[in-house]
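Some notes on the structure that comes next.
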Amino acid sequence: MKIKVLGSSAGGGFPQWNCNCRNCDGVRRGTLKATRRTQSSIAVSANGEDWLLVNASPDLLAQIAANPELQPARRARDSGIAAVLVIDAQIDHVTGLLMLRERDTPLPLYATDAVWQDLRSGFPVAPILSHYCGVEHRRIALDDAPLTLDALPGIRIDALPLSSKAPPYSPHRHAPERGDNIGLMLTNLRTGKRVFYAPGLGAIEEHVLAAMREADLLLVDGTLWTGDEMIRLGLSKKTAADMGHLPQSGADGMIATLDALDTADKQRRKVLIHINNTNPILVEDGPERRVLGEHGIEVAYDGMSFEL
Ligand code: MLT
Ligand code: MN
Ligand code: ZN
């Protein structure tokens with residue numbers, strides 16, 4: 001099983017177009033040791049040719065261009081992207097669907113009922129695409145039945161409902177529904193190796209913790225270092241919790257959660273993904289990045305790849 005990080009940033013990207021926070025300004029000017037990142041997406045493949053796109057980022061076209069393995073060039077019109085799965089209906093995960101409109105067959109799209117409803121109402125990408133390639137909805141049922149895709153032979157996908165947030169334009173923003181946000185457990189049935197992917201984790205619920213313990217690779221919420229980071233910088237009125245994210249620092253933060261996972265018989269790779277441009281962990285020679293290193297935690301970057 002191959003996993004490619006196409007975009008490791010949270011919504012807005014790094015640098016964000018209108019942001020002059022220390023990180024965005026520093027990376028733009030080249031005065032900070034930090035690396036540009038595009039918005040949140042990964043791709044998964046069994047054979048290195050047919051890929052499941054997990055989240056369709058606003059930066060999708062640039063990501064396809066930066067990752068030639070997504071264009072196998074078998075025919076005049078072609079793509080390695082066999083299907084798309086979206087874990088929620090947030091702008092940073094669904095806007096790229098519009099960029100796939102030139103397909104000559106309907107786009108196979110895996111989504112929960114809650115997300116599929118958002119994509120026909122609050123963010124009506126499905127009705128829009130019906131005028132182009134069309135969308136073929138494939139339901140993620142959340143009934144413990146794993147998904148298997150023809151394009152991903154030997155890979156099993158289990159979807160876990162998460163406590164996070166539906167987007168502001170969702171009809172259920174203030175009345176959360178099961179399936180507004182999901183995490184994924186990807187299992188290579190041949191090697192038994194497992195990846196847990198959850199770029200938005202509002203809370204570490206018991207079933208999430210169980211999945212994290214089973215995984216050999218964690219790609220988890222790296223959005224913010226502190227809960228009030230955006231407020232203190234004067235950039236937003238929202239806390240991490242308001243946005244459905246768990247900060248890294250603090251007694252109940254992601255670092256403490258990840259620290260508590262390891263046991264003598266099982267260790268795992270721990271990688272933060274979906275990193276907001278304000279997060280000090282983006283500074284590669286900064287104190288927060290050093291703390292992560294001391295805890296054995298890595299920071300995802302665009303182009304990072306894994307083979308399990
Ligand atoms: C999130 O992950 O909380 C959202 O994508 C934030 C946003 O609107 O960019
Ligand atoms: Mn996001
Ligand atoms: Zn910024």
Side-chain angles (χ1 to χ4, degrees), residues 5-42 53-60 63 85-97 111 114-115 118-119 122-123 125 162-170 172-174 176 180-184 197-203 219-248 254 272-283 286 288 300 302:
V5 175
L6 304 183
S8 52
S9 169
F14 178 51
Q16 180 176 308
W17 67 282
N18 64 345
C19 190
N20 292 298
C21 74
R22 172 172 179 261
N23 285 353
C24 288
D25 185 60
V27 76
R28 210 177 274 124
R29 289 177 196 272
T31 54
L32 201 69
K33 191 162 162 32
T35 307
R36 290 169 180 265
R37 285 170 165 79
T38 62
Q39 295 169 81
S40 186
S41 174
I42 65 170
L53 184 70
V54 180
N55 295 325
S57 159
D59 302 317
L60 177 58
Q63 293 169 344
L85 183 156
V86 291
I87 60 158
D88 58 32
Q90 296 271 4
I91 286 179
D92 55 346
H93 292 157
V94 304
T95 307
L97 293 170
V115 168
D118 287 353
L119 298 181
F123 194 118
V125 62
L162 297 181
S163 157
S164 188
K165 277 281 195 279
Y169 42 81
S170 167
H172 15 101
R173 169 77 168 182
H174 301 292
D180 281 333
N181 306 81
I182 57 171
L184 300 179
Y197 173 65
L201 276 173
L219 293 169
V220 290
D221 192 342
T223 311
L224 300 170
W225 179 255
T226 44
D228 62 353
E229 183 171 312
M230 310 259 305
I231 298 173
R232 274 192 297 109
L233 292 168
L235 300 175
S236 169
K237 293 191 171 62
K238 291 181 185 170
T239 63
D242 291 336
M243 296 187 289
H245 294 292
L246 184 77
Q248 280 105 58
M254 186 63 83
L272 299 176
I273 199 162
H274 187 274
I275 302 143
N276 197 58
N277 58 71
T278 52
N279 192 327
I281 66 173
L282 287 168
V283 184
E288 292 83 0
D302 293 14

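One-based numbering, in listed order, for ligands and for the atoms of each.
Under the side-chain contact (heavy atoms from CB on, under 4.5 Å) test applied with L282, the options T35, N23, V27 reduce to a single match, N23.
Without hydrogens or angle criteria, D302 side chain to R37 main chain gives no donor-acceptor distance under 3.5 Å. Here the side chain of S163 pairs no donor or acceptor atom with the backbone of G202 at under 3.5 angstrom. The closest donor-acceptor contact from the side chain of Q63 to the backbone of Q39 lies under 3.5 Å. Not one N or O on the side chain of D228 forms a donor-acceptor pair closer than 3.5 Å with the backbone of T239. D92 places a side-chain N or O within 3.5 Å of a backbone atom of G11 that can act as its donor or acceptor partner.
Heavy atoms from other residues, nucleotides or ligands lying under 6.0 Å from CZ of R22 number 12 at most.
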Name each N or O atom in ligand 1 that is under 3.5 Å from a protein N or O, and give the partner atom and the distance.
residue, atom, partner, partner atom, Å
ligand 1, 2 (O), H245, NE2, 2.9
ligand 1, 2 (O), H274, NE2, 3.1
ligand 1, 3 (O), H245, NE2, 2.8
ligand 1, 5 (O), D92, OD1, 3.0
ligand 1, 5 (O), D92, OD2, 3.0

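Atom NE2 of H172 sits about 4.5 Å away from atom CG of D118, to the nearest 0.5 Å. To the nearest 0.5 Å, the span separating OH on Y197 from CG on L184 amounts to 8.0 Å.
Counting heavy atoms from C-beta on, the side chains of I273 and I42 come closer than 4.5 Å. Side-chain contact check for L6 versus S57: every heavy-atom pair is 4.5 Å or farther apart.
Protein contacts to the Zn ion (ligand 3) involving N, O or S atoms at a distance below 2.8 Å are C19 SG, C21 SG, C24 SG, N277 OD1. Around the Mn ion (ligand 2), protein N, O or S atoms at less than 2.8 Å comprise D92 OD2, H274 NE2.
Evaluation of the salt bridge (Lys or Arg N to Asp or Glu O under 4.0 Å) rule for K33 yields E284 as partners, not counting sequence neighbours.
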side-chain hydrogen bond (donor to acceptor under 3.5 Å, both in side chains) for E229 and N276? Distances and angles first, verdict last.
CA-CA 10 Å; E229 183 171 312; N276 197 58; 5.0 Å; no
